[in-house]
Amino acid sequence: QTGLVTLDSGYGNTAAYKSAITYLDGEEGILRYRGYPIEQIAERGSFLETAYLLINGELPTVDELAAFSDEITQHTLLHEDVKRFYDGFPRDAHPMAMVSSVVSALSTFYQDSLSPFDEQQRHISTVRLLAKLPTIAAYAYKKAIGHPFVYPSNDLGYVENFLRMTFSVPAQEYDPDPVVVGALDKLLMLHADHEQNCSTSTVRLVGSSQANLFVSISSGINALWGPLHGGANQAVLEMLEDIQASGGNVATFIRKVKNREDGAKLMGFGHRVYKNFDPRAKIIKAAAHDVLSALGKSDELLDIALALEEQALADDYFVERKLYPNVDFYTGLIYRAMGFPTTMFTVLFALGRLPGWIAHWHEMIKEPGGRIGRPRQVYTGVELRDYVPLEAR
Ligand code: SDX
């Protein structure tokens with residue numbers, strides 16, 4: 001059984017979801033997708049295989065994965081009218097705003113297949129979202145830089161297709177570097193699900209009203225945008241660039257954070273659940289080194305990030321508060337080395353998280369006797385009182 005249950009968390013009853021998709025242990029730094037350790041999946045899997053696992057509950061066979069991938073390939077193209085949405089956005093619109101708007105608008109193009117209670121309609125909506133989000137994301141980037149949109153190709157794999165749509169220009173085809181393809185595929189896997197994080201719980205709550213999958217996912221994209229959540233990967237790079245611009249003095253910045261000057265936070269550090277290392281951060285930190293050296297790139301910001309991490313982990317202020325690097329601390333350095341602007345970093349997080357959001361929406365909508373989400377509250381306002389007429393106030 002999944003659904004909403006109340007658990008005595010030791011802080012009085014707190015409502016909690018039950019789910020069979022992802023297991024986290026914040027104290028031990030454990031993360032498993034459908035029982036498989038994230039370390040093994042990241043090492044040996046692929047993003048589409050991980051998407052299949054999260055949504056269907058089992059690893060696919062060779063034939064199942066091929067059929068899943070082929071079906072997605074057939075749906076990567078967007079209706080030509082969808083392109084007009086981008087004409088209406090200002091040039092400096094944030095890609096996250098464009099992506100969530102277009103995903104929501106997809107529900108207007110598939111009005112005959114939005115029912116959450118029809119298995120075939122749930123399936124085709126799932127395939128369309130997995131297939132079209134990379135196209136929507138790439139188009140948002142092209143809009144932001146004023147380049148022509150590049151159509152998807154059926155001859156390329158999922159990640160290659162996205163990279164080509166993003167970085168190809170009419171005068172120069174983008175030839176995806178295998179290092180970039182492998183690193184991005186791994187990063188998408190590492191972001192694929194994370195239990196009841198803010199955006200996933202948003203998708204479940206919106207979906208529990210029986211709203212369709214497209215608008216539920218659009219709600220998740222909006223929740224992810226916040227700098228305390230997925231927006232942190234962009235905020236980390238901006239933090240590192242600020243430190244670099246002010247002379248690269250890490251100790252000065254750490255002092256600002258500890259003194260809470262101007263609300264300074266060590267972005268990419270801390271977590272609601274992990275009070276130890278985020279297992280994803282360890283894998284991503286190693287990947288950052290591998291990608292930068294494989295691309296022959298050095299990045300002073302990586303040196304600043306390493307110095308920040310070293311000093312924070314040796315500082316009681318952070319140790320006492322159990323603040324460790326999270327998934328967002330190193331990802332931006334890799335995305336930057338791949339050629340993405342900081343405004344696309346959270347869009348890349350959304351691309352990775354999409355299968356997790358979809359898996360949770362399916363789990364929620366198929367829950368027997370599923371009910372609309374309705375968080376309870378503790379009322380802290382004034383007690384009963386009588387109305388005072390305007391003239392008597
Ligand atoms: C993601 O939930 C998920 O699973 C999310 C995610 C996923 O995969 O979906 O893992 C992805 O969102 C990762 C988190 C990315 N966000 C950031 O990196 C932003 C910076 N981090 C923080 O804002 C904060 O750590 C949170 C929001 C992530 C967690 O906040 P909590 O658990 O509510 O912690 P808290 O605010 O109660 O902080 C406890 C103490 C406080 O100090 P005191 O008031 O007790 O003295 O730690 C301090 C906070 O001020 N603190 C920080 C800090 N994070 C917490 N101080 C400095 N820098 C930080 N980053």
Side-chain angles (χ1 to χ4, degrees), residues 9 11 14 16-17 19 21-27 29-33 38 41-42 50 54 96 187-204 217 220-240 242-243 250 253-285 305 308-309 311-313 315-333 342 345-346 348-357 359-360:
S9 62
Y11 304 101
T14 51
Y17 285 110
S19 172
I21 299 169
T22 291
Y23 173 73
L24 281 193
D25 179 325
E27 293 303 326
I30 293 171
L31 170 57
R32 298 182 195 134
Y33 293 162
I38 189 64
I41 287 182
T50 303
L54 289 167
M96 283 296 277
L187 286 168
L188 294 178
M189 277 191 271
L190 290 167
H191 285 83
D193 193 50
H194 212 241
E195 200 220 52
Q196 297 306 327
N197 57 88
C198 176
S199 55
T200 300
S201 299
T202 299
V203 170
R204 290 184 77 120
I217 296 301
I221 295 170
N222 288 316
L224 185 72
W225 191 4
L228 294 189
H229 190 13
N233 58 18
Q234 175 177 341
V236 167
L237 248 289
E238 289 160 355
M239 171 186 73
L240 295 175
D242 287 348
I243 294 170
V250 168
F253 179 73
I254 284 192
R255 196 164 43 250
K256 271 184 71 175
V257 169
K258 290 166 68 174
N259 298 335
R260 302 182 191 215
E261 289 171 30
D262 318 323
K265 277 183 179 280
L266 184 42
M267 300 310 279
F269 259 65
H271 200 275
R272 289 296 273 116
V273 175
Y274 289 126
K275 299 307 175 187
N276 193 319
F277 251 88
D278 181 332
R280 302 166 296 176
K282 287 183 186 173
I283 299 169
I284 293 168
K285 179 178 177 181
L308 262 179
E309 179 188 7
Q311 290 194 28
L313 295 184
D315 188 309
D316 290 345
Y317 180 92
F318 298 93
V319 174
E320 285 160 7
R321 291 167 175 80
K322 299 187 176 182
L323 301 176
Y324 294 88
N326 59 49
V327 68
D328 293 309
F329 190 63
Y330 285 104
T331 41
L333 291 162
T342 54
F345 290 1
T346 311
L348 294 168
F349 194 141
L351 281 178
R353 185 52 52 87
L354 179 62
W357 288 332
H360 280 271

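Just so you know, ligand 1 is whichever comes first in the structure, and atom 1 is the first atom listed for that ligand. Numbering starts at 1 and runs along the sequence shown.
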Quiz item: Any side-chain donor paired with an acceptor under 3.5 Å for Glu195 and Thr22?
Solution: no

Quiz prompt | Glu195 touching ligand 1 at heavy-atom level, < 4.0 angstrom | solution = no

Quiz prompt | Arg272 contact mode with ligand 1 (heavy-atom cut-off under 4.0 Å) | solution = both

Quiz item: Does the protein put any heavy atom within less than 4.0 Å of atom 57 (C) of ligand 1?
Solution: yes

Quiz item: Quick check: does any side chain N or O of Asn326 sit under 3.5 Å from a backbone N or O of His271, one acting as donor and the other as acceptor?
Solution: no

Practice problem: Consider every N or O of Phe318 and every N or O of ligand 1, then say whether any pair is closer than 3.5 Å. | Solution: no

Practice problem: Please verify whether a non-hydrogen atom of Arg260 lies at under 4.0 Å from ligand 1. | Solution: yes

Practice problem: Verify salt bridge (Lys or Arg N to Asp or Glu O under 4.0 Å) between Glu309 and Lys285, making sure each step is shown before the conclusion. | Solution: CA-CA 11 Å; Glu309 179 188 7; Lys285 179 178 177 181; 3.1 Å; yes

Quiz prompt | Part of Leu228 with heavy atoms under 4.0 Å of ligand 1, whether side chain, backbone, both or neither | solution = both

Quiz item: Who's the nearest protein heavy-atom neighbour of atom 12 (O) of ligand 1, and how far?
Solution: His229 ND1, 2.9 Å

Self-check item: Nearest protein heavy atom with distance in Å, relative to atom 15 (C) of ligand 1
Solution: Asp328 OD2, 3.2 Å

Quiz item: Looking only at N/O atoms, are Ala264 and ligand 1 under 3.5 Å apart anywhere?
Solution: no

Practice problem: Could you check atom 45 (O) of ligand 1 against the protein and tell me its nearest heavy-atom contact, residue, atom and distance included? | Solution: Arg321 NE, 4.1 Å

Practice problem: Name the closest protein heavy atom to atom 54 (N) of ligand 1, giving the residue it belongs to and the distance to 0.1 Å. | Solution: Leu323 CD2, 3.7 Å

Quiz item: Heavy-atom contacts under 4.0 Å between Val236 and ligand 1: side chain, backbone, both, or neither?
Solution: neither

Quiz item: Under 4.0 Å from atom 21 (N) of ligand 1, is there any protein heavy atom?
Solution: yes

Quiz item: Nearest to atom 2 (O) of ligand 1, what protein heavy atom do you find, and at what distance?
Solution: Asn197 CB, 3.4 Å

Quiz item: Looking only at non-hydrogen atoms, which of Glu320, Arg280, His191, Met239 approaches atom 8 (O) of ligand 1 most closely?
Solution: Arg280

Self-check item: Proximal atoms of ligand 1 relative to Val257 (non-hydrogen, under 4.0 Å)
Solution: 57 (C)

Quiz item: In Å, rounded to the nearest 0.5 Å, how long is the span from CZ of Phe253 to CZ of Arg255?
Solution: 12.0 Å

Quiz prompt | Heavy-atom closest contact (Ala192 atom, Leu54 atom, distance) | solution = CB-CD1, 3.5 Å

Exercise. Would you confirm whether Arg321, through its side chain, and Tyr317, through its main-chain N or O, come within 3.5 Å as a donor-acceptor pair?
Key: yes

Quiz item: Which of the atoms in ligand 1, numbered in the order shown and given with their element, are less than 4.0 Å from a heavy-atom of Ala232?
Solution: 15 (C), 16 (N), 17 (C), 18 (O)

Quiz item: With no hydrogens and no angle check, is any side-chain donor or acceptor of Asp278 less than 3.5 Å from a backbone partner on Val327?
Solution: yes

Quiz prompt | Nearest-0.5 Å distance, NE2 of residue His191 to OG1 of residue Thr331 | solution = 5.0 Å

Practice problem: Report the nearest protein non-hydrogen atom to atom 10 (O) of ligand 1: residue, atom name, distance rounded to 0.1 Å. | Solution: His271 NE2, 2.6 Å

Quiz item: Heavy atoms of the protein only: does one fall short of 4.0 Å from atom 26 (C) of ligand 1?
Solution: no

Quiz item: Can His360 and Asp193 be said to form a side-chain hydrogen bond (donor to acceptor under 3.5 Å, both in side chains), step by step?
Solution: CA-CA 9 Å; His360 280 271; Asp193 193 50; 3.1 Å; yes

Quiz item: Hey, is Pro227 touching ligand 1 through its side chain, its backbone, both or neither, going by heavy atoms under 4.0 Å?
Solution: backbone

Practice problem: Distance to 0.1 Å, residue and atom name: give those for the protein heavy atom nearest to atom 24 (C) of ligand 1. | Solution: Phe269 O, 4.3 Å

Self-check item: Heavy-atom protein contact below 4.0 Å for atom 34 (O) of ligand 1
Solution: no

Quiz item: Is there side-chain contact between Lys265 and Val257, with heavy atoms separated by less than 4.5 Å?
Solution: no

Quiz item: With only distance considered, is Arg353 within less than 3.5 Å of ligand 1 through an N or O on each side?
Solution: yes

Quiz item: Under 4.0 Å from ligand 1, counting heavy atoms only, is it the side chain of Lys275, its backbone, both or neither?
Solution: side chain

Self-check item: For atom 36 (O) of ligand 1, closest protein heavy-atom neighbour
Solution: Lys265 NZ, 4.6 Å

Quiz item: Are Arg353 and Phe349 in a cation-pi contact, defined as NZ or CZ under 6.0 Å from the six-membered ring centre and within 45° of the axis?
Solution: no

Quiz item: Under the salt bridge (Lys or Arg N to Asp or Glu O under 4.0 Å) criterion, do Asp25 and Arg32 qualify, and how do the steps go?
Solution: CA-CA 9 Å; Asp25 179 325; Arg32 298 182 195 134; over 6 Å; no

Quiz item: Is the number of heavy atoms from other residues, nucleotides or ligands under 6.0 Å of Arg272 CZ greater than 12?
Solution: no

Quiz item: Does ligand 1 have any atom that is closer than 4.0 Å to a heavy atom of Val273?
Solution: no

Quiz item: Can you check whether Ile221's main-chain N or O pairs, donor with acceptor, with Ser199's side chain at less than 3.5 Å?
Solution: no

Quiz item: Under 3.5 Å, N or O to N or O, is Gly268 touching ligand 1 that way?
Solution: yes

Exercise. Would you sort out whether Leu333 and Val236 count as a side-chain contact (heavy atoms from CB on, under 4.5 Å), showing the intermediate values?
Key: CA-CA 9 Å; Leu333 291 162; Val236 167; over 6 Å; no

Quiz item: Between Tyr274 and His194, what is the ring plane arrangement, given parallel below 30°, perpendicular above 60°, and tilted in between?
Solution: tilted

Quiz item: Do any nitrogen or oxygen atoms of Asp278 come within less than 3.5 Å of a nitrogen or oxygen of ligand 1?
Solution: no

Quiz prompt | Atom of Trp357, atom of Gly220 and distance for their closest heavy-atom approach | solution = CZ2-O, 3.7 Å

Quiz item: Is it true that Gln196 lies under 4.0 Å from ligand 1, counting heavy atoms only?
Solution: no

